[in-house]
Amino acid sequence: MTKQQLFGQIQKKRSFLCVGLDSSLDKIPKHLLKYENPILEFNKQLIDATKDLCVAYKPNTAFYECYGKKGWETLTETWKYIPQDIFSIADAKRGDIGNTSAMYAETFFNEKSSEMSFDSVTVAPYMGSDSVTPFLNFKDKWVILLALTSNSGHADFQLQEIGGDKLFEKVLKTSQQWATDEQMMYVVGATRGAAFADVRKLVPNHFLLVPGVGAQGGDLQEVCKYGLNSQCGLLINSSRGIIYAGSGEDFAEKAREEALKLQKEMEQILVNAKLL
């Protein structure tokens, strides 16, 4: 999916919502345990209930890898079930030396070998350019680089100064030499709030994947105040706040209700910004 196609979906659906499929066997509604593959059934019903309200789905691969072979099958089948006009993110946070990264890229982008071809994958930049460029060798695929995250330990490294720049600023500056805003996005946590103003000074045109709205306490209005750009430029992720909104047989309806609340708020933000 190209950048223009993604923006087109945002305008069509009047939404920049990403639903995180962090699906755990011990948290899904108990009535689903009767299915042969409970997590897959959970994901399918969630997708059916929210696909007209969101522009992206983000399975966190750790929630699938932990179940071994069955988990990988679930991840593969989940990817296949995501409609093709919805941006798909493999939240894998990979990052290793070049030849290993090349294999990770094959894992998430080469459908012939892995039966999956996500639109994007999250990548850790710590090992530098040669660990990132193998993912960029795939046409129309995206790298979403970790920049400023929403976890409490982010300050241990990301805010440390190096030659006048904070480490996350160094990541933003250096990585722009590897790819343009047509193939690279950045993870910036919603709990960072006004820091989006500093991020936008360095990457005004890139899309940002923004976790932390909802259960982690991030404020959508504040993120948009500082982070919105002329093509929206934001994918706001909500995981637990949507997928675990209900625990009964009506869990999908409850998930839809929460997704709809966010979509309506996003629609008004887009209207106010004259992006619709």
Side-chain heavy atoms of [X] within contact of [Y], under 4.5 Å:
| X | Y | answer |
| --- | --- | --- |
| Met185 | Val143 | no |
| Leu17 | Ile242 | yes |
| Asp198 | Leu202 | no |
| Leu262 | Leu220 | yes |
| Leu33 | Leu25 | yes |
| Pro83 | Ile47 | yes |
| Tyr186 | Val199 | no |
| Leu235 | Val210 | no |

Mind checking whether [X] and [Y] sit in one hydrophobic cluster, side chains of I, L, V, M, F, W, Y counted as touching below 4.5 Å?
| X | Y | result |
| --- | --- | --- |
| Phe135 | Met127 | no |
| Ile82 | Trp72 | yes |
| Leu234 | Leu53 | no |
| Leu21 | Tyr35 | yes |
| Leu228 | Val271 | yes |

With rounding to the nearest 0.5 angstrom, report the [atom1] to [atom2] distance, [X] to [Y].
| X | Y | atom1 | atom2 | value |
| --- | --- | --- | --- | --- |
| Thr78 | Lys44 | OG1 | NZ | 8.5 Å |
| Leu167 | Ile162 | CG | CD1 | 4.5 Å |
| Leu208 | Ile236 | CG | CD1 | 8.5 Å |
| Glu265 | Lys261 | CD | NZ | 11.0 Å |
| Ser175 | Leu146 | OG | CG | 11.0 Å |
| Phe118 | Phe87 | CZ | CZ | 11.0 Å |

What heavy-atom pair brings [X] and [Y] nearest, and what distance separates the two atoms?
| X | Y | result |
| --- | --- | --- |
| Leu209 | Cys18 | CD1-SG, 4.4 Å |
| Leu148 | His154 | CD1-CD2, 4.0 Å |
| Asn229 | Gly233 | OD1-N, 3.2 Å |
| Ala245 | Glu258 | CB-CG, 3.5 Å |
| Asn205 | Arg200 | N-NH1, 4.3 Å |
| Cys232 | Phe7 | N-CE1, 4.1 Å |

Ignoring hydrogens and angles, tell me if any N or O in the side chain of [X] forms a donor-acceptor pair with the backbone of [Y] under 3.5 Å.
| X | Y | answer |
| --- | --- | --- |
| Lys13 | Cys54 | yes |
| Asp250 | Glu253 | no |
| Trp79 | Ile89 | no |
| Asp91 | Pro59 | no |
| His206 | Val203 | no |
| Gln183 | Leu136 | yes |
| Ser150 | Gly189 | no |
| Arg256 | Ala49 | yes |
| Ser113 | Asn110 | yes |
| Thr149 | Val187 | no |

Just by distance, no angles: are the side chains of [X] and [Y] close enough, under 3.5 Å, to form a donor-acceptor pair?
| X | Y | answer |
| --- | --- | --- |
| Thr50 | Tyr57 | yes |
| Lys27 | Ser247 | no |
| Ser23 | Asn43 | yes |
| Ser15 | Glu267 | no |
| Ser239 | Asn237 | yes |
| Glu41 | Asn37 | no |

Residues, nucleotides or ligands: over 12 heavy atoms within 6.0 Å of [X] [atom1]:
| X | atom1 | value |
| --- | --- | --- |
| Lys93 | NZ | yes |
| Glu249 | CD | no |
| Lys264 | NZ | no |
| Gln221 | CD | yes |
| Lys225 | NZ | no |

Looking at Lys3 and Asp181, is there a salt bridge between them, counting it only when a charged N and a carboxylate O are closer than 4.0 Å?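 Answer for the salt bridge query: yes.
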
Salt-bridge present (Lys80, Glu115; N to O < 4.0 Å):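 Yes, this pair counts.
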
From CA spacing to verdict: side-chain contact (heavy atoms from CB on, under 4.5 Å), Leu145, Val132: CA-CA 9 Å; Leu145 212 62; Val132 177; 3.9 Å; yes

Run the side-chain contact (heavy atoms from CB on, under 4.5 Å) check on Met116 and Phe109 step by step: do they pass? CA-CA 6 Å; Met116 294 183 290; Phe109 290 158; over 6 Å; no

Aromatic plane relationship, Tyr244 with Phe42 - under 30° parallel, 30 to 60° tilted, over 60° perpendicular: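 Plane angle under 30°, so parallel.
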
Do the rings of His31 and Phe251 sit parallel, tilted or perpendicular, given the 30° and 60° boundaries?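 Tilted.
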
Check each of Leu32, Leu40, Ile28 against Gln45 using the side-chain contact (heavy atoms from CB on, under 4.5 Å) test, and report the only one that passes.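 The residue from Leu32, Leu40, Ile28 that satisfies side-chain contact (heavy atoms from CB on, under 4.5 Å) with Gln45 turns out to be Leu32.
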
Given salt bridge (Lys or Arg N to Asp or Glu O under 4.0 Å), test Lys173 with Asp165 step by step and report yes or no. CA-CA 10 Å; Lys173 288 180 179 181; Asp165 288 327; 3.0 Å; yes

Go through the steps for Phe108 and Thr61 under the test side-chain contact (heavy atoms from CB on, under 4.5 Å), then give the verdict. CA-CA 10 Å; Phe108 297 109; Thr61 63; 3.8 Å; yes

Apply side-chain contact (heavy atoms from CB on, under 4.5 Å) to residues Tyr67 and Ser24 and explain how you reach the verdict. CA-CA 10 Å; Tyr67 296 116; Ser24 176; 4.2 Å; yes

